[in-house]
Amino acid sequence: MKMAREILLGAAVGALAFAGTMGLDLFPILLLGLAGFFLWRLLPASSFGKRSVVPRSGTGPAITFEDIGGQETAKKEMQEALHFLLESHQADKLGIRPLKGILLTGPPGTGKTLLAKAAAHYTDSVFIGTSGSEFIEMYAGVGAQRVRELFARARREAREAQKNAVIFIDEMEVLGGQRGRHHSHLEYDQTLNQLLVEMDGMGSEGSPRILVIGATNRADLMDQALLRPGRFDRIVSLGLPSRQERWDILRLHTAQKPLAPDVDLEAIARETYGFSGAQLESLCNEAAIWALRRQMEVIPHEAFLDSVEKVMLGERQERRPSLEERRRIAIHEMGHAWVQEHLQPGSVARVTITARGQALGYVRSAPRDDAYLRSQRELEDAIAVLLAGSLAEDLFLGTRSTGATSDFKEAVRLAREMVKAGMSPLGVVDPEHLPKALIHRAVSEILAGMEGKVRAMLEEARESFSSLVERLLTDESLTGEEFRQWLAEAKGAPAPIS
Ligand code: ATP
């Protein structure tokens, strides 16, 4: 849209320049153009339809709190906060300052938009949804004007429907980021100032009640002025769902789907550790597509299991690396799987060298119970598994490859976490005041220590490891059970890698 506008502008300037060289009098044309531009900028945007922020009004099926799986604390906090809208007369009588803004924080796809829609339904309010990025333009003043329009529209629609209004602003950090942080900060600051002005003016005599709900996954970037009492004075945080919550969400999203009798949603909830609500919704959808592709009438359990990997890593790729590369990938993945199985027996759920998304191969871990803490031992084991892929390449092929870059990144992150948690030889430290070089040394020491252990482990397994690599190259993918069976069979099998 923006690009089309710029092309049009360029063409107009070009045409004017051409007309000028042809000796035409440009003054009246320029005057007309200028007048048109001012009209375009100053008239209420709604009269120009598409140019304005077109907030999404509450169309589509109404969302209720029952449609949101898990997030019980967030729902409860939200419902409590909303009572002032439901019992506004009582609140007025008691002289309670009306709540104007609620900020929802949490990772993407955890149900922030759903919660805002449910809040609108719960309070019988008109829902007007928009996003912070829709306010930011390169021209100073446009954002502020759009904020004014948004609130004017909310008041108008609420009046017409004789209801309250909920304004939902997604990507709140774009609109409400700390002032003075941006290059074109004048525009950003004016927009944010206008939002503050509108919020301060809310609740005046005779106007409908408006509640602003902002959503962000970067609460740390928000301007402090927005978080002051009388503005966004309630912060409700949403987290990734626990196992029980994942089960709830899966039940909600499969309620209208025909499931085969073998589908075990509890097992799928266990398999999907770390998934957000949006990923779980996508998983249910992918499982249904899986069944459709095979012309099945009901969705089997296998469809869900297959879709877990698709949602996690992306679509299976058709590209087939050369035999040499596949051998390297097989050695790398077997390195991860071998070390993981030895450190945590029974923990490998799948080893494959079939490319999916960006991954050329991968090892998937068996589901584990949700954990909120990690011990030193667990962190060290995780680092060992991450390093094992590249070390196996080094050990069996004599060189490493770029395939381990993301493994190293994660290993370094974990090692840093260990330093911060006082698990390094530095002891308990204040990482903020620790020289970077010292942190770097501590991280390197942890990684080098783990490298030594993994290398010794793989050296010891050299022969059986090689035979497993050959089998993985042939079969391409194996389940955890197959892997463990192979492992038992491979002990002592002499099949050196060429
Ligand atoms: P973002 O930060 O990316 O804007 P969000 O937190 O606003 O994400 P939503 O837009 O509310 O996430 O969720 C996206 C979709 O994911 C929903 O339409 C719904 O299908 C599903 N979903 C997310 N969380 C839940 C949940 N707790 N219960 C049921 N469905 C959920």
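None of the values given here were measured: they were computed from a predicted structure. Because only heavy atoms are used, hydrogens play no part in the values below, and waters and symmetry mates are left out as well, while side chains stay in. Both counts, for ligands and for their atoms, begin at 1 and track the order of listing.
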> Can you tell me which residue and heavy atom of the protein come closest to atom 2 (O) of ligand 1, and the distance to 0.1 Å?
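Of every protein heavy atom, Lys112 NZ, 2.9 Å lies nearest to atom 2 (O) of ligand 1.
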
> Would Glu198 and Gln194 count as having a side-chain donor-acceptor pair, cut-off 3.5 Å?
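There is such a pair between these side chains.
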
> Does a salt bridge link Glu341 with Arg484, judged by any charged N lying under 4.0 Å from a carboxylate O?
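Yes.
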
> Does ligand 1 have any atom sitting under 4.0 Å from a heavy atom of His253?
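Within the 4.0 Å threshold, so yes.
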
> Provide the number and element of each atom of ligand 1 under 4.0 Å from a heavy atom of Gly69.
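Close to Gly69: 26 (C), 27 (N), 28 (N), 29 (C).
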
> Below a 4.0 angstrom heavy-atom separation, can you tell me which part of Thr113, side chain or backbone, both or neither, approaches ligand 1?
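Answer for Thr113: both.
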
> Give the numbers and elements of all ligand 1 atoms closer than 4.0 Å to a heavy atom of Gly109.
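So the answer, numbered in order with elements, is 1 (P), 2 (O), 3 (O), 5 (P), 6 (O), 8 (O), 12 (O), 23 (C), 24 (N).
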
> Applying side-chain hydrogen bond (donor to acceptor under 3.5 Å, both in side chains) between Glu149 and each of Arg153, Gln145, Arg146, report the one that passes.
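Only one of Arg153, Gln145, Arg146 forms a side-chain hydrogen bond (donor to acceptor under 3.5 Å, both in side chains) with Glu149, namely Gln145.
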
> Run the contact test for Asp67 against ligand 1 with a 4.0 Å cut-off on heavy atoms, strictly below, and give the result.
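In this structure, Asp67 qualifies as a contact of ligand 1 - some heavy atom is under 4.0 Å.
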
> In ligand 1, which numbered atoms sit nearer than 4.0 Å to a non-hydrogen atom of Asp170?
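So the answer, numbered in order with elements, is 4 (O).
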
> Might you point out which heavy atoms bring Ala158 and Val126 nearest each other, and give the distance in Å?
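Nearest pair, atom of Ala158 first, then Val126: CA-CG2, 4.0 Å.
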
> Quick one: nearest non-hydrogen protein atom to atom 22 (N) of ligand 1, plus distance?
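I find the closest protein heavy atom is Gly277 C, 3.6 Å.
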
> For atom 16 (O) of ligand 1, grab the closest protein heavy atom and report residue, atom and distance to one decimal in Å.
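Protein heavy atom with the smallest distance to atom 16 (O) of ligand 1: Ala278 CA, 3.1 Å.
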
> Got a list of side-chain donor-acceptor pairs under 3.5 Å for residues 283-293, not counting sequence neighbours?
{"residue": "Glu286", "atom": "OE1", "partner": "Lys310", "partner atom": "NZ", "Å": "2.8"}
{"residue": "Trp290", "atom": "NE1", "partner": "Asp306", "partner atom": "OD2", "Å": "3.4"}

> Which atoms of ligand 1 are found less than 4.0 Å from any heavy atom of Glu281?
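It comes down to these atoms of ligand 1: 20 (O).
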
> Closest by any non-hydrogen atom to atom 24 (N) of ligand 1: pick that one out of Gly70, Ser282, Gly111.
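Selected option, by shortest heavy-atom distance: Gly111.
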
> Only distances under 3.5 Å count here; give the side-chain donor-acceptor pairs of residues 267-277 to other protein atoms, sequence neighbours excluded, each with its distance to 0.1 Å.
{"residue": "Glu271", "atom": "OE1", "partner": "Arg364", "partner atom": "NH1", "Å": "2.6"}
{"residue": "Thr272", "atom": "OG1", "partner": "Arg246", "partner atom": "NE", "Å": "3.4"}
{"residue": "Thr272", "atom": "OG1", "partner": "Ile268", "partner atom": "O", "Å": "2.8"}
{"residue": "Thr272", "atom": "OG1", "partner": "Ala269", "partner atom": "O", "Å": "3.1"}
{"residue": "Tyr273", "atom": "OH", "partner": "Arg368", "partner atom": "NH2", "Å": "3.4"}
{"residue": "Ser276", "atom": "OG", "partner": "Ala278", "partner atom": "N", "Å": "3.4"}
{"residue": "Ser276", "atom": "OG", "partner": "Gln279", "partner atom": "N", "Å": "3.2"}

> Which atom pair, heavy atoms only, marks the closest approach of Ala74 to Ser237?
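In terms of heavy atoms, the two residues are closest at CB-O, 4.0 Å.
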
> Compare Leu114, Thr105, Thr216 and give the one whose heavy atom is closest to atom 18 (O) of ligand 1.
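The residue whose heavy atom sits nearest atom 18 (O) of ligand 1 is Leu114.
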
> Should the pair Arg374-Glu417 be classified as a salt bridge under the 4.0 Å nitrogen-to-oxygen rule?
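Looking at Arg374 and Glu417, the cut-off is not met.
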
